[in-house]
Amino acid sequence: MTFDVVKAAVLVFVAALVQVSILSAYSPLGGSANLVLVVLLSLALLRGSLFGAAAGFAAGLVIDTANLDTLGFTSLLLTLAGYWIGRYGETTARDRFHAPYTSVGVVTVLYAFGTLGLRFVLGDAAPAGAVLGAVPASLLLNLILTLPVYGLVRRLFPPLELADRVHEVRLLA
Amino acid sequence: MVGLVLASLVLITVSFRSTALDSIQGAGASALRPFETAATRVAHPFRDAASWTRGLFNAKSENKKLRAQLDYWRQVANREQVAVGENATFRKLLHFEDSPLFPQDYRPVAARVLTNPPSTFTQTITIAAGSGAGVAVQDVVVTPDGLVGQVTKVSSSVSRVLLITDPESAVSAVDANPAHPGAVGLLERGSAGGGQLSLDRVTKDKTVQEGDTIVTAGSPGNGQLPSIFPRGILIGTVTSAGQNDIDLFKQIQVQPFVDLGSLQSVIVLVPKAKP
């Protein structure tokens, strides 16, 4: 478990750095790929809700610090995303091939709306038109990223044995 | 989970309402700086290769276009050299009082761009120069191509720059075409998106044409609330200009000269004499 935490910390840190230093410079088709989100959701699916929430909080802190943005802003959104997809991974998503794609698709859209709402609440500029216009391209780019990223994360964090995940909800039907 | 959400909310509240966390955040950003620089350096060869390949396809047509532009601008430069000399003479004769001039009243601080705009919402970048290099809040940021934005947050070795495409940015700008004097307006983020800007508040009696160059207007004289942007910094070119019966002002779209989405280095203009 400790080794998993170290691996996850390094992975999330590298993903956040690549996101802020390299990927954010490109906006093909008007959208931008969110590597941190895809890595986080893959981690949450494979290691559960608490792991996902903690990884999301840490990733958000790194991003907000690097961008000198409002601290806690990205942490809040990524914590919720990590926890929610972690719960999905612990319940209905287990062993489903489409789970990573469904998770990334749904969370990409909700993340855009969440950012918009939170900015609005904080009194920042929240240009809904520009954000919603970029969602389809971002969705496509994130889904393209999902295949290699989920594959890599799955190699680094192989699915746990049944005994290790006794806290999970098992569906009988 | 609840603890993490609460911690996030506390961080947002403290960070949003006070500057208590600024020093910690600044120290964190400084600590991240070597990693960001390393990541940018790793990506540099790939970025260069992509740019080189793209350049090969456009080289011939671009060469022809640039040669035509060179001839035109050579003639303009000759004419303007004479005008600059005359202008200096007239200023002396009139004892003309002026606001700080660009670039002679500013000290340039070149800085690497550490992070690019994180999202469509936040059009900000962080740069590897802070208060240690003399950078302060409201310093103007440019590239050799034109205006980039202004510094909004400073730590010891890292600063945040608000780009001119951010919804919260507004720059007093003017049409530089001498045939259309007085077309002063407020440059804001365009509603059309795609990195376009909109020159608002230009009255209908002024003439602005497609292809005109827009520069910063600065402020006339040394007023109580002078513009932080010195006069004469290139901003962009007018891509469309129109008007209708309903709006009070013209609708002018401006394409910035600087590619604000993929900046690699910038120049911060630090005033030689701070007000």
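Quick note on labels: first sequence line is chain A, next is B, and so on, each numbered from 1.
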Participant: For atom OH of A:Y101, is the number of surrounding heavy atoms from other residues, nucleotides or ligands below 6.0 Å larger than 12?
Facilitator: yes
Participant: Check whether A:T115 gets within reach of chain B through its side chain, its backbone, both or neither, counting any heavy atom under 4.5 Å.
Facilitator: both
Participant: Looking only at heavy atoms, which two atoms of B:F16 and A:L122 are closest? And how far apart?
Facilitator: CZ-O, 2.8 Å
Participant: How far does CZ of B:R160 sit from CG of A:N67, to the nearest 0.5 angstrom?
Facilitator: 9.0 Å
Participant: Please look at A:A54 and chain B and tell me whether the side chain, the backbone, both or neither of the residue comes under 4.5 angstrom of a heavy atom of that chain.
Facilitator: both
Participant: Pairs in or reaching into residues 10-24 of chain A: which pass side-chain hydrogen bond (donor to acceptor under 3.5 Å, both in side chains), with residues at least two apart or in two chains?
Facilitator: none
Participant: With a strict 4.5 Å heavy-atom criterion, list every residue of residues 139-150 of chain A that contacts chain B, or say none.
Facilitator: none
Participant: Just give me the residue among A:T79, A:V14, A:L23 that pairs up with chain B most often, heavy atom to heavy atom, under 4.5 Å.
Facilitator: A:T79
Participant: Enter the distance from B:L32:CG to A:L17:CG here, rounded to the nearest 0.5 Å.
Facilitator: 6.5 Å
Participant: Between the main-chain N or O of A:D64 and the side-chain N or O of B:Q25, is there a donor-acceptor pair closer than 3.5 Å?
Facilitator: yes
Participant: Who among B:S155, B:G3, B:A39 has the most heavy-atom pairs with chain A under 4.5 Å?
Facilitator: B:A39
Participant: Do B:V5 and A:L80 pass the side-chain contact (heavy atoms from CB on, under 4.5 Å) test, and can you show the C-alpha distance, the side-chain angles, and the key distance before you say yes or no?
Facilitator: CA-CA 8 Å; B:V5 170; A:L80 292 172; 3.9 Å; yes
Participant: Check each atom of A:L61 against the heavy atoms of chain B and say whether the ones under 4.5 Å are side chain, backbone, both or neither.
Facilitator: side chain
Participant: Please state whether the side chain, the backbone, both or neither of B:V158 comes within less than 4.5 Å of a heavy atom of chain A.
Facilitator: both
Participant: Is chain B contacted by the side chain of A:V18, its backbone, both, or neither, given a heavy-atom distance below 4.5 Å?
Facilitator: neither
Participant: Pick one of side chain, backbone, both or neither for B:T152, based on which atoms fall under 4.5 Å of a heavy atom in chain A.
Facilitator: neither
Participant: Which atom pairs, donor and acceptor, lie under 3.5 Å between side-chain atoms of residues 6-13 of chain B and protein residues at least two apart or in another chain?
Facilitator:
unit_1: B:S8; atom_1: OG; unit_2: B:L4; atom_2: O; d: 2.9
unit_1: B:T13; atom_1: OG1; unit_2: B:L9; atom_2: O; d: 2.7

Participant: With chain B as the partner chain, list the residues of residues 68-77 of chain A whose heavy atoms fall under 4.5 Å from it, by residue number, and write 'none' if nothing qualifies.
Facilitator: A:L68, A:D69, A:T70, A:L71, A:G72, A:F73, A:S75, A:L76
